[in-house]
Number of protein chains: 2
Amino acid sequence: MILKQDAESPAEATSKGPPKPRLTAGQQSVLDVLQHQSQPLSAQALHGLMRRQQPIGLATIYRALDALKLLGLVQHRVTLTGETLYSAVEHDHHYLTCLQCGVSVPVDTCPVKELEAQLQGASSFRIYYHTLEFFGVCDQCEV
Amino acid sequence: MILKQDAESPAEATSKGPPKPRLTAGQQSVLDVLQHQSQPLSAQALHGLMRRQQPIGLATIYRALDALKLLGLVQHRVTLTGETLYSAVEHDHHYLTCLQCGVSVPVDTCPVKELEAQLQGASSFRIYYHTLEFFGVCDQCEV
DNA sequence: TCAGGAATGATAATCATTATCATATTGCAA
DNA sequence: TTGCAATATGATAATGATTATCATTCCTGA
């Protein structure tokens, strides 16, 4: 597979925010794909997409996603079917999901930013991202 | 197992809110346990707890949890290890979780109520509950 | 009281994710 | 630049939570 180990890590210039160590080739390609994607993707979907271009193992993708999460570059959410979906941290992705049919519609408002900043200060955590999901029943599924 | 089919369903008196059909015995006992629990529990943890009292199959617990979710009586969240935790809908349970060690600390503020009400009106969903989770790295795990 | 439908339990099957391990690659030192 | 130790990768087996299956039991309504 590809192995270049180049790709100046993002936000390397400004020494602000979380540390940004160099990414492995696998991590970099996974991140690239996610950053060009408008929708969150599962690891297996990523695998399907990426293996066309450059062969890459599924295990590598899982490992890369974990590493990127830990670097604050990638966020995750879990669907009702138990799949984990990943997306680049930059846009919030919040949803309203039907517990019956599983349909998800995006929610564009996000009232959480302030609280996140506040928690950031009050806790001993470095906070990277949050998930906000609403669950209910859509009108199609209404009794 | 127990099968009494009694237990006047909660909020049956006031005809407000989502419909509250009679619960099966299994559903009722699962709900009872969850309502007396201060922490969210996994299906398997519930099974461990409940089987001591009255024998109940694990499958029944999963089925009961699904039904209770659909009735708006139980909410769920998913841990980093992929376990689903359930709790009675009434208290919000929001957390700040370390992506590295998995430690979760409760967050007591919740700025989402208003948005939920707003969505309730604007969408065609009947919204039952939401999850709000923050992810980052705790100081123990800091590099 | 009886029949049909729903609920239950035990267990097999599923499926996303993780662990394993042999191989390949990288970074570093001589 | 070469050699080596540490790390990354891939293929695949193993794991573990959840779901499906199916025979049995219970409940409700005629």
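All chains are named by letter (A, B, ...) in the order of the sequence lines, taking the proteins before the strands, and each is independently numbered beginning at 1. No hydrogens, no waters, no symmetry mates; every other heavy atom, side chains included, goes into these values.
Remark: B:Thr24 is not in phosphate contact with C:dA7, judged by side-chain N or O atoms under 4.0 Å from OP1 or OP2. Checking the phosphate oxygens (OP1, OP2) of D:dA8, no side-chain nitrogen or oxygen of A:Thr60 falls inside 4.0 Å.
Rounded to whole Å, the distance from CG on A:Leu23 to P on C:dG27 is 13 Å. A straight line from NE2 of A:His47 to P of D:dT9 spans 13 Å, rounded to a whole angstrom. Distance, A:Ile56 CD1 to D:dG10 C1': 10 Å, rounded to whole Å. Rounding to whole angstrom units, CD of residue B:Gln54 and P of C:dG9 are separated by 10 Å. A:Ile61 has its CD1 atom 14 Å from the C1' atom of D:dA11, to the nearest Å. Distance A:Arg51 CZ to D:dG10 P: 11 Å, rounded to the nearest Å. In this structure, the CD atom of A:Gln28 is 15 Å from the P atom of C:dT26, given to the nearest Å. In this structure, CZ of B:Arg22 is placed 18 Å from C1' of D:dC26, rounded to the nearest angstrom.
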Could you pull out every donor-acceptor pair under 3.5 Å between side chains of residues 116-123 of chain B and any protein atom, sequence neighbours left out?
unit_1: B:Glu116; atom_1: OE1; unit_2: B:His130; atom_2: ND1; d: 2.6
unit_1: B:Gln120; atom_1: OE1; unit_2: B:Ile127; atom_2: N; d: 3.1
unit_1: B:Gln120; atom_1: NE2; unit_2: B:Ile127; atom_2: O; d: 3.4
unit_1: B:Ser123; atom_1: OG; unit_2: B:Leu119; atom_2: O; d: 3.0
unit_1: B:Ser123; atom_1: OG; unit_2: B:Phe125; atom_2: N; d: 3.1

Every protein N/O lying under 3.5 Å from an N/O of nucleotides 15-22 of chain D:
unit_1: D:dA17; atom_1: OP2; unit_2: B:Gln44; atom_2: NE2; d: 3.4
unit_1: D:dA17; atom_1: O5'; unit_2: B:Gln44; atom_2: NE2; d: 3.3
unit_1: D:dT18; atom_1: OP1; unit_2: B:Thr84; atom_2: N; d: 3.0
unit_1: D:dT18; atom_1: OP1; unit_2: B:Thr84; atom_2: OG1; d: 2.9
unit_1: D:dT18; atom_1: OP2; unit_2: B:Tyr62; atom_2: OH; d: 2.4
unit_1: D:dT18; atom_1: O5'; unit_2: B:Tyr62; atom_2: OH; d: 3.4

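Here SG of B:Cys138 is found 11.5 Å from CZ of A:Arg126. Values are rounded to the nearest 0.5 Å. The CD1 atom of B:Ile61 sits 4.5 Å away from the CD1 atom of B:Ile56 when rounded to the nearest 0.5 Å.
Using a 4.5 Å cut-off on side-chain heavy atoms (C-beta onward), B:Glu83 and B:Gln44 make no contact.
Of the residues listed (A:Asp66, A:Leu58, A:Thr60), the one engaging A:Tyr62 in a side-chain contact (heavy atoms from CB on, under 4.5 Å) is A:Leu58, and it is the only one.
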Each base of DNA chain D marked ( ) or [ ] if paired in-strand (Watson-Crick or G-U under 3.5 Å), | if paired to another strand and . if unpaired gives ||||||||||||||||||||||||||||||
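Between A:His76 and A:Tyr129, the ring-plane angle classifies as perpendicular under the 30° and 60° cut-offs.
Under the 3.5 Å distance criterion, the side-chain polar atoms of A:His47 are left unmatched by any main-chain donor or acceptor of A:Gly57.
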